[in-house]
Structures are given as C-alpha cells and as structure tokens.
Peer 1: 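Dropping the structure in here first, questions after.
Convention: sequence-line order gives letters A, B, ...; per-chain numbering from 1.
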Amino acid sequence: MQPFTAKVVEVIKGIPAGKVMTYGQVAAAAGSPRGARRVVWVLHSLSEAHSLPWHRVVNAKGEIALPGDEARYTQRAMLEEEGVLFDGDYRVDLERCRWQAEKLEGDE
DNA sequence: AAGATGACTAGGT
DNA sequence: GACCTAGCCATCT
C-alpha cells in the first residue's frame with residue numbers, strides 16, 4: 001500500500017460525524033493537492049473491506065458523488081443521520097459542515 | 001508505450 | 001445555475 005493511500009485512510013477516519021470533506025481537501029491533507037482523482041481511486045479499492053466513513057467525502061460542490069440513485073439516497077440518509085445539513089436534495093451545506101483536517105506531511 | 005477511465009476541479013461561456 | 005474544456009494522476013487495456 002502506498003503512503004498516499006494510508007494517509008487518505010487516516011484523513012477520512014479523522015472526519016467526525018456530522019462533518020464532510022471534499023476530494024480535493026482529502027487529497028491535499030494527504031499531501032497531494034492536485035490528487036483528487038487519486039482519492040477516488042483509493043476509495044474504489046477500499047469501499048469493500050474497511051469500516052471507513054467514506055460517505056463523509058463529497059465533491060467540491062458539496063454534492064454526493066456516487067453514481068446511481070440508490071447509493072446516493074443511502075449516503076444522504078447516513079449523513080443526515082449524523083446531523084449533516086443539506087442545502088438541496090443531494091448537496092450538503094459545505095459552509096457549515098466542511099471539516100478541515102490537519103495536514104499529514106511526515107510519515108506515520 | 002499510447003489511449004481510455006474515474007465517486008474530481010477550476011475556469012470560461 | 002447549467003454546460004463545456006482543459007488539467008489532473010494512478011491504474012487498466
């Protein structure tokens with residue numbers, strides 16, 4: 001596993017309930033400011049086994065990024081359950097619910 | 001090695 | 001706000 005992947009996991013684990021982060025933020029916190037798409041890839045490879053709060057990661061507009069209606073509905077339900085405020089049907093209130101993680105530069 | 005792909009983003013129309 | 005384009009970067013064909 002690459003260090004970047006490990007950092008992404010750490011960052012996402014650090015998002016408290018009721019808060020969300022964007023792909024760009026997660027990538028930056030993991031040390032790759034332009035690596036939003038790498039985060040996507042990491043999530044694809046992790047989505048199965050880990051009990052990671054992946055649902056707290058949304059795109060830059062605050063929208064749920066999952067494809068398909070069912071998955072999006074489920075994610076929104078989980079977020080609302082945690083107290084995340086929604087701006088629209090599938091858009092969270094980023095101003096209120098964005099979480100600023102600490103940057104993890106050094107090795108862990 | 002070259003092109004396509006993805007749960008992305010920023011900037012322009 | 002909706003839509004398009006050009007960057008982005010690891011992985012897969």
Peer 1: Measure from the side-chain heavy atoms of A:A36 and tell me the nearest of B:dT9, C:dC8, B:dA7.
Peer 2: B:dT9
Peer 1: Heavy atoms only: give me the nearest A:A29-A:V11 pair and the separation to one decimal.
Peer 2: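 Taking A:A29 first and A:V11 second, the nearest heavy atoms are CB-CG2, 3.8 Å.
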Peer 1: Whole Å only: how far is the CG atom of A:L43 from the P atom of B:dT5?
Peer 2: 21 Å
Peer 1: How close or far is atom C1' of C:dA2 from atom CZ of A:R91, stated in whole angstroms?
Peer 2: 12 Å
Peer 1: Provide the distance between the two C1' atoms, one in B:dA1 and one in C:dT13, to the nearest whole Å.
Peer 2: 12 Å
Peer 1: Given atom CD1 of A:I12 and atom P of B:dA7, what is their separation to the nearest angstrom?
Peer 2: 15 Å
Peer 1: Over how many whole Å does the gap from A:H44 atom NE2 to B:dG6 atom P extend?
Peer 2: 8 Å
Peer 1: Does some side-chain heavy atom of A:N59 sit less than 4.5 Å from a side-chain heavy atom of A:Y23?
Peer 2: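 The answer is yes; the side chains approach within 4.5 Å.
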Peer 1: Can you tell me if A:R98 and A:T22 form a side-chain donor-acceptor pair at under 3.5 Å?
Peer 2: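 There is no such pair between these side chains.
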Peer 1: How many whole angstroms separate atom CZ of A:R37 from atom P of C:dT11?
Peer 2: 14 Å
Peer 1: Quick one: on DNA chain C, does A:K61 or A:S32 contact a more 5' nucleotide (nearest heavy atom)?
Peer 2: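 The answer here is A:K61.
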Peer 1: For atom C1', what is the distance between C:dC8 and B:dG6, given to the nearest Å?
Peer 2: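 Taking atom C1' in both C:dC8 and B:dG6, they lie 12 Å apart.
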Peer 1: B:dT9 P sits how many Å from A:Q25 CD, rounded?
Peer 2: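 So the CD-P distance, A:Q25 to B:dT9, works out to 9 Å.
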Peer 1: In whole angstrom, give the distance that lies between atom CH2 of A:W41 and atom P of B:dC8.
Peer 2: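 So the CH2-P distance, A:W41 to B:dC8, works out to 15 Å.
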Peer 1: Salt bridge or not between A:E82 and A:R56? Use side-chain N to carboxylate O under 4.0 Å.
Peer 2: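 So A:E82 pairs with A:R56 through a salt bridge.
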Peer 1: Under 3.5 Å, is there an N or O donor on one side and an acceptor on the other linking the side chain of A:R38 and the base of C:dC9?
Peer 2: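 There is none.
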Peer 1: Using whole Å, report how far CH2 of A:W54 lies from P of B:dC8.
Peer 2: 14 Å
